[in-house]
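Worksheet: the structure to be examined is printed underneath.
Values reported hereafter were calculated over all heavy atoms of this structure, with side chains retained and with hydrogens, waters and symmetry mates removed.
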Amino acid sequence: PKSTTTTPKSEAPTTSTAQPRNHAKKYNGGSIFAIVLSVFIILYFTVGIILRRNRGYHGIEVIPNHSFWYRVTKSTKDKYNDVVNLVWKRKHEGEDEPILPRNPYTRRYNSRSSVGTGENDSL
C-alpha cells in the first residue's frame, strides 16, 4: 500500500520580496587598483629603507629617492602657496601684497620686503 502524506499548507503565504543577502564582497576595478597600488607603495618604501639602511645611510637619506620626494613635496607646497596667495589677492583687490605664511618664531606674518632681512626677528 502506498502511504500518502500531505503537508499542511500554511495559513498565510509568505510574500517576502527581500532579496537574499549575499555577503560575498565584490571589488570593482578601481578598488583593486587602489589596493595593489597601496601594497606596491608600502613595499617600495619598506624594501628601499631596509636596503639603504644596510648600505649605511642614516636619517632622511634612508628614504628611497629622497631628493625626488623632497622636490615633489616642495613643489606641492609652492603650488599650494601660489593658490592661497591668488585667492587672497582676489579677495582683497586693493592690497598690494598677498599674505605669506606666518613666521613660527615671531608669530607675525612675513612680508616680501622683510623676508631674510631680520626685520621680524623680535618677539
Side-chain angles (χ1 to χ4, degrees):
K2 270 186 174 178
S3 72
T4 56
T5 342
T6 60
T7 51
K9 292 184 177 179
S10 64
E11 296 173 4
T14 58
T15 57
S16 174
T17 58
Q19 297 291 328
R21 292 185 182 190
N22 186 2
H23 292 289
K25 295 185 179 192
K26 295 182 180 179
Y27 296 106
N28 60 15
S31 59
I32 291 172
F33 176 74
I35 291 169
V36 169
L37 184 65
S38 299
V39 168
F40 176 74
I41 290 172
I42 290 170
L43 282 174
Y44 169 77
F45 281 106
T46 304
V47 171
I49 288 172
I50 291 170
L51 289 176
R52 291 182 66 84
R53 277 281 229 191
N54 289 337
R55 291 182 182 162
Y57 290 98
H58 297 286
I60 196 78
E61 292 180 345
V62 297
I63 297 173
N65 296 314
H66 70 279
S67 60
F68 168 76
W69 292 112
Y70 174 77
R71 287 191 314 263
V72 166
T73 55
K74 185 175 181 326
S75 175
T76 304
K77 178 184 165 191
D78 290 344
K79 296 303 175 194
Y80 171 79
N81 285 338
D82 290 345
V83 169
V84 168
N85 288 336
L86 181 68
V87 169
W88 181 262
K89 195 171 190 174
R90 284 188 182 168
K91 274 187 176 179
H92 306 286
E93 286 286 328
E95 295 181 15
D96 292 338
E97 296 183 12
I99 192 168
L100 294 174
R102 273 184 172 222
N103 184 334
Y105 302 107
T106 63
R107 299 182 185 178
R108 294 183 187 166
Y109 288 104
N110 291 329
S111 66
R112 289 192 189 273
S113 59
S114 66
V115 173
T117 61
E119 291 179 20
N120 290 334
D121 289 342
S122 63
L123 288 175

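- The line from OG1 of Thr76 to NZ of Lys74 is 11.0 Å long, rounded to the nearest 0.5 Å.
- With values rounded to the nearest 0.5 angstrom, Asp78 atom CG is found 13.5 Å from Arg71 atom CZ.
- Applying the side chain to side chain contact (heavy atoms under 4.5 Å, CB included) test to Ile60 and every residue at least two apart in sequence or in another chain returns Ile63.
- Closest heavy-atom contact between Val62 and Tyr57: CG1-O, 3.3 Å.
- A donor-acceptor pair is defined here as one N or O able to donate and one able to accept, closer than 3.5 Å; no such pair exists between the side chain of Ser75 and the backbone of Val72.
- In this structure, His66 NE2 and Ile49 CD1 are separated by 12.5 Å, a value rounded to the nearest 0.5 Å.
- The distance from the OG1 atom of Thr46 to the CD1 atom of Ile41 is 11.5 Å, given to the nearest 0.5 Å.
- Taking CZ of Phe45 as the start and CD1 of Ile50 as the end, the distance is 13.5 Å to the nearest 0.5 Å.
- Taking CG of Asn81 as the start and CG of Leu86 as the end, the distance is 12.5 Å to the nearest 0.5 Å.
- Under the 4.5 Å side-chain contact rule for hydrophobic residues, Val47 and Val39 do not share a cluster.
- Pairing each heavy atom of Pro64 with each of Trp69, the nearest pair is O-CD1, 3.1 Å.
- For Tyr44, the OH atom is densely surrounded, since the number of other residues' heavy atoms within 6.0 Å is greater than 12.
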